[in-house]
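For reference, the structure is listed below as structure tokens.
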Amino acid sequence: MIRRAKGTRDILPPESRLWAAVEEQARSVFGGLSYEEIRLPVMEPTELFVRGVGEGTDIVSKEMFTFPDRKGRSLTLRPEGTAGVARAFIEEGLFQRPQPVRLLYIGPMFRYEKMQRGRYRQFAQIGIELLGAATPQADVEVLMALHMFLEALGFDDLVIRLNNLGDPEDRPRFIAGLKRELASHKDELCSDCHRRWDENPLRLLDCKVPRCRELMLNTTPVAEVVSDEARAHVEEVSAGLTALGIPVQSAPRLVRGLDYYLRTAFEIVSPHLGEDTAIGGGGRYDRLISDLGGPQVPGIGFAIGEDRLIDVLPSGFRDRVLGVRPVVVLPAADGAETAAMKLARSLVEHGLEVRNEVTGRSLRAGLKWAAKVGARAVVILGPDELAVGEATVRDMDSGEQRRVELERVAEELTAQD
RNA sequence: GUGGGCGUAGCUCAGCUGGUAGAGCACAGGAUUGUGGCUCCUGUGGCCGUGGGUUCGAGUCCCAUCGCCCACCCCA
């Protein structure tokens with residue numbers, strides 16, 4: 001048997017309904033703020049991610065699906081969405097449109113990772129990017145959008161964890177200070193931290209090892225070392241969110257896995273799900289476009305892990321989506337097929353979800369089947385009904401049924417809502 | 001990348017010290033020829049993950065390999 005590639009999965013009905021509903025909600029909420037969908041290639045030149053995401057990141061150093069095409073060009077399946085958006089922004093001249101530009105993307109990303117529950121090598125992200133606005137208000141809008149979207153799905157205890165990464169110019173000063181503070185305890189750090197010490201010192205902050213964590217708590221937060229402008233920027237973002245009634249929590253050790261973030265960096269969490277499970281995260285990336293050879297255009301955005309989101313979806317939303325029940329149309333007489341099909345067409349046109357019986361089951365077997373597929377009602381077209389142009393409409397919960405003229409079946413079924 | 005556990009029907013699993021592959025659920029039909037959910041009967045469904053080895057004989061023992069799960073690591 002041929003099996004799916006490691007780390008991929010098949011999303012079957014009815015689970016797939018949740019995906020469709022979540023994406024529809026995203027288009028609705030983000031669309032309401034004029035974020036319009038951009039559809040990008042899932043493969044890009046490898047160099048885009050090496051330069052965009054950063055060579056020292058885990059993603060680029062060991063998690064990319066990279067392969068040569070038939071002419072020897074190195075391609076990579078996108079491990080995240082922002083780099084591709086930045087590339088398209090430059091290549092398609094989006095900086096010549098009225099600024100800022102608001103974009104939404106939904107789609108699969110790929111990372112060659114060790115498998116674990118809730119983590120896949122192909123996973124989906126929903127993200128937005130706001131390009132061409134450097135103000136704190138831009139950050140506030142993006143975070144508000146994130147909050148609105150998740151609230152629309154029924155999350156009710158969301159907290160934004162916010163950090164200030166400063167500007168790239170602040171980085172060496174901060175890192176030097178951090179190392180100075182940690183120097184006397186360097187031998188107590190874990191082996192990974194020793195590696196990070198030289199390769200990616202910022203990520204020292206992010207270590208999950210308890211002893212390392214303790215040591216980090218005593219270090220000076222990045223936010224206190226950054227330039228006045230950077231500090232004012234993030235403080236204004238925080239104040240703006242608070243003024244909107246969106247809970248914000250300062251997260252001095254929050255560091256994200258992508259090199260391009262500066263100033264604003266954040267995650268959104270739902271505390272009752274556990275503090276380690278961020279639903280989404282993002283930040284500001286004012287140098288990314290220019291680093292990739294484009295104009296100096298600032299940007300901010302986030303990505304939500306759709307797989308994980310669907311895993312933790314509030315039950316209300318879940319039940320609403322999965323609770324939709326079909327109406328079964330059941331021809332139970334010779335020659336009833338056409339009338340049944342016409343009726344099905346009419347019911348669908350009235351917005352009902354119809355499930356036709358097309359296997360020639362007996363009335364009895366048909367009803368049994370209807371119960372199994374969760375039908376809320378069955379429309380029976382037997383010989384008696386057919387003779388007088390009627391149908392029997394049976395409510396599958398109450399068992400009540402009545403004869404209705406064919407033209408009035410849709411009306412009968414939509415009335416009970 | 002490191003450590004541990006597990007691979008038998010679509011799903012959950014049983015299968016003893018090696019001797020002709022099983023159950024429940026699910027699916028299909030019927031008992032009830034115009035009425036579902038309960039019950040009962042019948043049926044479909046397997047190269048026992050794959051390859052090699054030991055043996056008269058392997059689902060069972062040995063080796064390898066692939067896959068899945070858990071933890072670490074990392075991360076949306």
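Since the structure is predicted, the reported quantities are computational estimates derived from the model, not experimental observations.
Across all strands, G281(A) comes closer than 4.0 Å to no nucleic acid atom at all (heavy-atom distances). Counting non-hydrogen atoms under 4.0 angstrom, E113(A) reaches a base of the nucleic acid. Across all strands, G399(A) comes closer than 4.0 Å to base atoms (heavy-atom distances). Within the nucleic acid shown, Q401(A) comes within 4.0 Å of at least one base atom, counting heavy atoms only. Heavy atoms of D384(A) sit under 4.0 angstrom from at least one base atom. Using a 4.0 Å heavy-atom distance criterion, A332(A) is classed as making no nucleic acid contact.
Applying the 6.0 Å contact sphere to CD of E24(A) captures no more than 12 heavy atoms from other residues, nucleotides or ligands. The number of heavy-atom neighbours closer than 6.0 Å to CZ of R402(A), taken from other residues, nucleotides and ligands shown, is 12 or below.
Taking the side chain as every heavy atom from C-beta outward, T264(A) and V142(A) never approach each other to under 4.5 Å.
The C1' atoms of C16(B) and U42(B) are separated by 32 Å, rounded to the nearest whole Å. Rounded to whole Å, the P atom of U60(B) lies 16 Å from the corresponding atom of U55(B). Rounded to the nearest Å, the gap between the C1' atom of A64(B) and that of C70(B) is 24 Å. For C63(B) and G46(B), the C1' atoms lie 25 Å apart once the distance is rounded to whole Å. Between C27(B) and G34(B), the distance separating the two P atoms is 25 Å to the nearest Å. Comparing the same atom, C1', in C25(B) and in U20(B) gives a spacing of 27 Å after rounding to whole Å. Going from the C1' atom of U44(B) to that of C61(B) covers 34 Å, rounded to whole Å. Distance check on atom P: C68(B) versus G49(B) gives 16 Å, rounded to whole Å.
Considering all non-hydrogen atoms of both residues, G299(A) and D286(A) come closest at N-OD1, 3.3 Å.
Rounding to the nearest 0.5 angstrom, the gap separating the CG atom in L143(A) from the CG atom in L130(A) is 11.0 Å.
Using a 3.5 Å distance cut-off with no hydrogens or angles, the side chains of N164(A) and H233(A) do not pair a donor with an acceptor.
Looking at residues 4-12 of chain A, you'll see K6(A), G7(A) sit with a heavy atom under 4.0 Å from some atom of RNA chain B.
Rounded to a whole Å, the CG atom of L367(A) is 14 Å from the P atom of U33(B). G67(B) atom C1' lies 12 Å from atom CZ of R121(A), rounded to whole Å. Between D395(A) atom CG and G36(B) atom C1' there is a gap of 12 Å when expressed in whole angstrom units. In this structure, R394(A) places its CZ atom 7 Å from P of G36(B), rounding to the nearest Å. Rounded to an integer number of Å, the gap from E390(A) CD to G34(B) P is 19 Å.
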* **Step-by-step side chain to side chain contact (heavy atoms under 4.5 Å, CB included) determination, F266(A) to V237(A)** => CA-CA 11 Å; F266(A) 59 86; V237(A) 173; over 6 Å; no
* To do: Go through the steps for V159(A) and D157(A) under the test side chain to side chain contact (heavy atoms under 4.5 Å, CB included), then give the verdict.
  => CA-CA 7 Å; V159(A) 176; D157(A) 60 349; over 6 Å; no
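Counting distance only, with no hydrogens placed and no angle test, the side-chain atoms of E385(A) and the base atoms of G34(B) include a donor-acceptor pair under 3.5 Å.
Using cut-offs of 30° and 60° on the angle between ring planes, the pair Y260(A) and Y285(A) is perpendicular.
A search for side-chain hydrogen bond (donor to acceptor under 3.5 Å, both in side chains) contacts involving E23(A) returns nothing, not counting sequence neighbours. By the ring-ring contact (aromatic ring centres under 6.0 Å, His included) test, Y112(A) pairs with F65(A), sequence neighbours left out.
For the side chain to side chain donor-acceptor pair (under 3.5 Å) condition, the pairs that include at least one residue of residues 244-255 of chain A, sequence neighbours left out, are T219(A)-R253(A).
Taking a pair as Watson-Crick or G-U wobble with both distances under 3.5 Å, RNA chain B forms stems of 3 or more consecutive pairs at B:1-7 with B:66-72, B:10-13 with B:22-25, B:27-31 with B:39-43, B:49-53 with B:61-65.
Along RNA chain B, the nucleotide closest to R403(A) and the one closest to V255(A) are compared, and the more 5′ of them pairs with R403(A).
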Extract from the structure each pairing of a protein N or O with an N or O of nucleotides 28-31 of chain B at less than 3.5 Å, listing the distance.
from   : atom 1 : to      : atom 2 : distance (Å)
A28(B) : OP1    : R361(A) : NH2    : 2.7
A28(B) : OP2    : K372(A) : NZ     : 2.9
A31(B) : N6     : R364(A) : NH2    : 3.3

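At distances below 3.5 Å, at least one donor-acceptor pair connects side-chain atoms of T242(A) with backbone N or O atoms of S238(A).
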